[in-house]
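The structure appears right after this line, and notes come after that.
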Amino acid sequence: MIGNFPFVAVVILLGLGIYTLIFKKNLIKIAIGITLIENGTNLFLITLGYRKGAVAPIYTQAPEGVPMVLPTPQALTLTSIVIGVATTALILSIAMIIYKKYGTLNSDEVRRLRG
Amino acid sequence: MSGILTHAPALVIALPLLAAFLVPIIGRFNRSKGLGWFVSIILGLSLLMTLLMANHILSNGPLIYVFGGSEPGLTLPSGYTVPIRIIFQIDGMGIFMGIITAVVSFLGAVYSISFMEQHSGLEKYYTLLLLLTTAMYGMEFTGDIFNFFVFLEIASIASVALIAFRSNLSGEPAEAGFKYMVVSSIAALMVLFAVGLFYGQYDVLNMATIASVMQFTQLDKIALILLVTVLAMKAGSVPMHMWTPDAYSEAPAPITMILVAASQASLYALFRVTFSLYNITLNTVVIGWIIIILGVLSMFIGVTMAIIQKDIKRLMAYHAISQTGYMLLGVGVGLAVLANPVALESFGIKAMEGGIFHIMNHAMYKGLLFLTAGALFYRTGTRDLNKMGGLAHNMSYTTVFFIIGAAAIAGIPPFNGFASKLIIYESVYQFNPLLSIIAMLVSILTLASFVKVFHSAFLGPKLEQYQKVEEVPKSMVVAMATLACIIVFFGLFPDVIVDNLVHPAVMALINQVNYTSAILGGM
């Protein structure tokens, strides 16, 4: 049971992120919502990579006869974090441009494109 | 020569990627046309390399490239039962999409030489253009599902920055960019979540290996729903189409043309997931009908929204949604009858050929139409159809190209749109006559709205403010003329293309065993 807590956290993070995206009007908060979903996904990947009783795959330090973890999910998560930084930076800089041009961050008022 | 061919899958990625980081350095010394020429030459080289690979793949079968391996073709080094390295697997379908990417990005760069000349920050523009091209190649060639996610994110980031490129003048491009960024981030994260679901169950990331051990458990169903939804969203299908008109209309014209190809790369991924990853383990009738319904909705809603538009690029963007519907319809019919060999043989394969052929045709004529819209914008400075008029007097080449593009999208012979639409009508009629009739109706509405554009932009007396308008510069004419020639050629000789390119692509999708055995050997 207690081993499933990380997955519960994943669901909570994803749910909060989707809630923020749907119900919040502020563009910065939308960016936060995306970051929450991203963190939920990263937590999901890293939880999948956890193996009880196994050791980190450092060849010089590993004790004899103990299974080592294949660090693929960790590598995936690192890649995903790096990509996430780029995404967040881009989305915030676009929000900045929108604030300069429109004078607001409310998504109800940033609506010149319609129809 | 064979050395180049062995490493071509890596080179075709590496060339634009390395050039992307060279561009800012070259931009320090040559700020005007030289940069555009450099990028065009690089993309021309990768076009040549893609054609070289196509020639090899269509005669010798799929091309495999293992990154970091001792030998590029060795997928399973001794002692391994599953591939652990990143593998590029290019089969008939992948190279078909690769050719579209190569042609469109090359012509986009050629067009940009004159079109973007007056802009500042060109080195950033060309860097992003090259990155977008790299990412599209990667999405189409990769055989590794996590690698696909990485390229999807690169494509999203590059295209968002390009959509918002003109935001120094007004706020709208940034607004469109923000929308597209939110959509792409969600899409990419859901793809990543699906990757996690696959890895958690099967401990592999290679698509062919996952396909060979696919159990179709509850988790696989969740992954399928996530993947189909977000990839259809990235392809711009109704009801997740809200970003398409904004992004397509606010991006610079050559970028819009490349964006069309980028959303088709997502469409390709949708087909790759349903056909190569799941194939008949999923309930093909249900998923097939879901894709068909998405297609019909896209066709109909796209075209009805297009008719009322006044902004020329926005109108064309809604048509892009509508045309995506044809591809979804054709391939969806193929998927719906995938488990039924008799129906698949009698009309399923034909329907898929129509849908897949339409992808290439759409990239060509919609590219041409967006480029003519860009040419009008370049000379008149507006995209509002009510402010244009009488431009046929001064811009004769553009007029001819527009007529060719409009006739092709409306499905008038002898242009390429007719060739693929006819295949779709014929084969879908055998599946369900109603779908075929809706498709024809949409075609008529398409013609109606392009007659309106033609009338309001090109016909009528010369307007006061456009007395001095001239034909657009040569590089823009060359790019448009090339596309127009391709359209006419495809329209006159559709059999050549269908037999040599489209049929192998369809077969590569249908035969899942070929896809998996290319990596795992005879299993």
Side-chain angles (χ1 to χ4, degrees), chain A residues 7 10 13-14 17-18 21-22 27-28 30-31 33-50 70 72-73 75-77 79-80 82-105 107 109-115, chain B residues 84 145-147 149-154 156-158 160-161 163-164 167-186 188-201 203-205 242-243 245-247 249-250 305 308-311 314-315 317-318:
Chain A
F7 292 107
V10 168
L13 277 174
L14 290 182
I18 291 169
L21 276 180
I22 295 176
L27 297 186
I28 303 284
I30 291 177
I34 289 175
T35 318
L36 278 176
I37 297 182
E38 186 197 311
N39 290 344
T41 317
N42 286 341
L43 183 63
F44 178 62
L45 283 177
I46 211 84
T47 316
L48 287 177
Y50 177 72
L70 183 67
T72 314
L76 304 189
T77 315
T79 317
S80 156
V82 172
I83 292 173
V85 171
T87 318
T88 314
L90 187 60
I91 200 164
L92 287 177
S93 57
I94 290 179
M96 230 167 70
I97 297 174
I98 289 181
Y99 187 75
K100 260 186 206 161
K101 301 285 176 189
Y102 289 75
T104 174
L105 281 173
S107 63
E109 290 165 41
V110 186
R111 280 188 65 89
R112 278 186 213 158
L113 296 166
R114 54 168 82 219
Chain B
I84 51 163
I145 195 159
F146 182 74
N147 203 226
F149 158 78
V150 173
F151 281 119
L152 185 71
E153 279 280 23
I154 299 175
S156 311
I157 291 172
V160 168
I163 289 167
S167 53
N168 55 339
L169 303 174
S170 65
E172 283 92 339
E175 187 187 333
F178 194 89
K179 266 183 204 169
Y180 189 47
M181 187 78 233
V182 172
V183 165
S184 335
S185 310
I186 303 300
L189 288 171
M190 290 302 124
V191 170
L192 184 62
F193 197 80
V195 171
L197 289 175
F198 287 136
Y199 189 82
Q201 292 179 86
D203 290 341
V204 276
L205 292 169
M242 65 293 170
W243 62 270
D246 298 350
S249 60
E250 292 305 329
M305 290 297 290
I308 57 172
Q309 298 301 321
K310 293 188 192 69
D311 179 327
R314 213 171 162 79
L315 182 143
Y318 274 111

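Here is how names work: the chains are called A, B, and so on, in the same order as the sequence lines, proteins then strands, and each is numbered from 1. This one's a predicted model, so the numbers in the text were calculated from it and none came from an experiment.
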Residue selection (most heavy-atom pairs with chain B, distance under 4.5 Å) from [options]:
| options | value |
| --- | --- |
| A/L21, A/I30, A/L27, A/V10 | A/L27 |
| A/L76, A/T72, A/I37 | A/L76 |
| A/L48, A/N42, A/I91 | A/I91 |

Identify the heavy atoms of [X] and [Y] that sit nearest to each other, and give their distance.
| X | Y | value |
| --- | --- | --- |
| B/A174 | A/I97 | CB-CG2, 3.8 Å |
| B/G196 | A/L45 | CA-CD2, 3.7 Å |
| A/R111 | B/E175 | CA-OE2, 3.5 Å |
| A/I34 | B/L189 | O-CD1, 3.9 Å |

Task: Contacts of B/Y199 that satisfy ring-ring contact (aromatic ring centres under 6.0 Å, His included) - sequence neighbours left out - done: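 Partners of B/Y199 under the ring-ring contact (aromatic ring centres under 6.0 Å, His included) test: none.
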
Closest-packed option against chain A by number of heavy-atom pairs under 4.5 Å, given [options]:
| options | answer |
| --- | --- |
| B/D203, B/L197, B/I154 | B/L197 |
| B/V160, B/I84, B/V182 | B/V182 |
| B/E153, B/M190, B/E172, B/K310 | B/E172 |

Counting only non-hydrogen atoms closer than 4.5 Å, does [X] touch chain A with its backbone (N, CA, C, O), its side chain (CB onward), both, or neither?
| X | value |
| --- | --- |
| B/D311 | neither |
| B/A188 | neither |
| B/M242 | neither |
| B/K179 | side chain |
| B/F193 | both |

4.5 Å side-chain heavy-atom contact, [X] and [Y]:
| X | Y | value |
| --- | --- | --- |
| A/T79 | B/F149 | no |
| B/Y180 | A/I94 | no |
| A/L113 | B/R314 | yes |

Task: Separation of A/I83 CD1 from B/L192 CG (nearest 0.5 Å) - done: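 B/L192 atom CG to A/I83 atom CD1 measures 8.0 Å (nearest 0.5 Å).
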
TODO: Assess whether atom OH of A/Y99 is packed by more than 12 heavy atoms of other residues, nucleotides or ligands within 6.0 Å.
DONE: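 At most 12 heavy atoms, drawn from other residues, nucleotides or ligands, come within 6.0 Å of this atom.
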
TODO: Would you confirm whether A/K100, through its side chain, and B/G171, through its main-chain N or O, come within 3.5 Å as a donor-acceptor pair?
DONE: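 No, A/K100 side chain to B/G171 backbone: no donor-acceptor pair under 3.5 Å.
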
